[in-house]
Amino acid sequence: MAGVFSEWRRLPIGLSELCINTTLRCGQSFRWQHIPEEEEWRCVLHGKLLSLKQDTSNLYYRHYKSFSLTSIPSPPDSKISSRAQSDTESSDIKAPGDNALDDEVLRLIKHYLNLSPSLSSLYEQWSSNDANFKKKAVQFTGIRILRQDPWEALVSFICSSNNNIARISQMVEKLCLNYGDFIAKIGDRSYHDFPNPEALAGNDVESNLRSLGFGYRAKYIHRTAVMVSQEREKGWLEGLCNPESPVFGVLPKPGETMQPEGRQGYRNAHENLLELQGVGPKVADCVCLMGLGWGESVPVDTHVWQIAQRDYRFGKSSHKSLTKATYDAVANHFRKLWGQEAGWAHSVLFTADLRSFSDRLAATKKVDVSVKEDGEDIEVKTEVRTAVMLTAPKEELDSVNIKSEETEMKPMTEVIRTRKRRGPKEEIVQAAHTTDTRRVSKRLRKIGDP
DNA sequence: TAATGACCTGAGGT
DNA sequence: AACCTCAGGTCAT
């Protein structure tokens, strides 16, 4: 079962618009696999094995072509998707002469990565309305909400309940290997697609999943698969999509304006999802946000509840614990604060709160690079440089190492590729780099400066 | 409506 | 080694 990768193709996009090293491992999708030797990320999407990698000014992508599979006809939905032009508006791909498959892959990637919204504009907007967001966001730029398949998002987040990201990823991988279509084999690793609802609705699925270590989620997954594949109309789940952000291959339609509680379509989708087994308000919101394109959806989990208490003065008076009423109050608060794409902003703060990203706080250095007098005030420009590590073993908070890397940091137009002495896993691959300008009164500036 | 407790598992810590 | 805690919650009572 041999095959080859296509040539790399390039999509010009900066790290502040998309940082895959953050976005692909911040608990949105649980399926992207990092390949250290190739410095790339791999995942099967719509029956195609894709690779992504990135430098400061470009995203690179390619797809795997299995020799024995090239003659197999495309899946049925490819006919529909070839009609949709929504993701091909710009032709910023480098090399022409690509065939229909290359074109399909480009549209697939642009759809999945959800590249249309201007992330830097959104960050600016959120920062101007929220000082806490502004403070946290400098270390976590380029976090974009992916447009995942609704069914995959649904099952993945059923797995997520009372669970950690590492084990969720293992469980999703097991679902693919045991129930998903085989796509390719590279070395000793097999790549499978995510299984469809029918595949997870079989009679032995619950017991199989239990023996695979799914715990009580085995029943939820099986019951939900039965409900979606047998007790709902075909296309029911996809029909809950934001019409402005439909599934791959469907043309977007204009939508409505938003209330603090969210748009009607969002409320409706959320309510419908709650009927499924293992789907409570939090999982439903994750599916709404990451699978159905409802940007105002704000999943309130333990992290977000802690953030709301610590940074937004929740946890007092009427909202002492995370009840349903508190859940709605927190989500509504963030919708009012951040607007229609509140769920996107939420994802930034959520990521900043993840333990697996805590190294980034330690690897961040702020330097005042210019100080200009301006009447009574002094204008201070601060550079924030963050070394972004791919894998974060605990020992690597070795401050000596990090400091030595920081002194070598280059301006933002360059990628840092340095190797630390302990091995390839501890490679610093990128430096996020932003500048912040603030005005301080002369007196305050003299007293205390961090 | 709000508050408990049960529910699976495995990694990491004491 | 035997425990404890924690991890992007949900369900039944």
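Fair warning: this is a prediction, and the values are worked out from it, not measured in the lab. Below, read A as the first sequence line, B as the second, and so on, with proteins coming before strands; counting in each chain starts at 1.
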Let me know, please, whether A:Asp301 or A:Leu274 comes out on the 5' side of the other along DNA chain C by nearest nucleotide.
A:Asp301
Taking for each residue the nucleotide of DNA chain C bearing the nearest heavy atom, is the 5' side occupied by A:Arg217 or by A:Gln277?
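Its nearest nucleotide lies further toward 5', so the answer is A:Arg217.
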Between [M] and [N] - [atom1] atom distance, rounded Å:
| N | M | atom1 | value |
| --- | --- | --- | --- |
| B:dA2 | C:dG8 | P | 27 Å |
| B:dC8 | C:dT13 | P | 15 Å |
| B:dG5 | C:dT5 | P | 14 Å |

Nearest-Å distance for atom pair [atom1]/[atom2], residues [X] and [N]:
| X | N | atom1 | atom2 | value |
| --- | --- | --- | --- | --- |
| A:Arg167 | C:dA7 | CZ | P | 14 Å |
| A:Tyr216 | C:dA7 | OH | P | 13 Å |
| A:Leu354 | C:dC6 | CG | P | 17 Å |
| A:Ile158 | B:dC8 | CD1 | P | 15 Å |
| A:Phe334 | C:dG8 | CZ | P | 18 Å |
| A:Asn163 | B:dG12 | CG | P | 14 Å |
| A:Asn162 | C:dC11 | CG | C1' | 12 Å |
| A:Lys324 | C:dG9 | NZ | C1' | 13 Å |

Side-chain N or O of A:Ser160 less than 4.0 angstrom from OP1 or OP2 on C:dA7?
no
Are any of A:Thr323's side-chain N or O atoms less than 4.0 Å away from OP1 or OP2 of B:dA3?
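Checking A:Thr323 against B:dA3: no side-chain N or O falls below 4.0 Å of OP1 or OP2.
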If you look at every strand shown and take non-hydrogen atoms under 4.0 Å, does [X] touch a base, only sugar-phosphate, or nothing?
| X | answer |
| --- | --- |
| A:Gln306 | nothing |
| A:Cys26 | base |
| A:Leu212 | nothing |
| A:Met171 | nothing |
| A:Val300 | nothing |

Among B:dA2, C:dC11, C:dA7, the one nearest any side-chain atom of A:Tyr220 is C:dC11
Of the candidates C:dG8, B:dA3, C:dC11, the side chain of A:His346 sits closest to C:dG8
is_close_aromatic(A:Phe133, A:Tyr123), centroid dist under 6.0 Å
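Centroid separation for A:Phe133 and A:Tyr123: below 6.0 Å.
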Taking the six-membered ring where the residue is Trp, are the ring centres of A:Tyr112 and A:His46 under 6.0 Å apart?
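So the answer is no for these two rings.
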Ion pair check, A:Lys324 and A:Asp328, cut-off under 4.0 Å:
yes
Go through the N and O atoms of the side chain of A:Lys282 and the base of C:dG9, and report whether any donor-acceptor pair is under 3.5 Å.
no
Angle class for the A:Tyr266/A:Trp294 ring planes (parallel below 30°, perpendicular above 60°, tilted otherwise)?
tilted
Mate of B:dC8 where both pairing distances stay under 3.5 Å, Watson-Crick or G-U:
none
State whether A:Tyr191 and A:Arg189 meet the cation-pi test: NZ (Lys) or CZ (Arg) under 6.0 Å from the six-membered ring centroid, and within 45° of the perpendicular axis.
yes
So does A:Gln230 have more than 12 non-hydrogen atoms from other groups sitting under 6.0 Å from CD?
yes
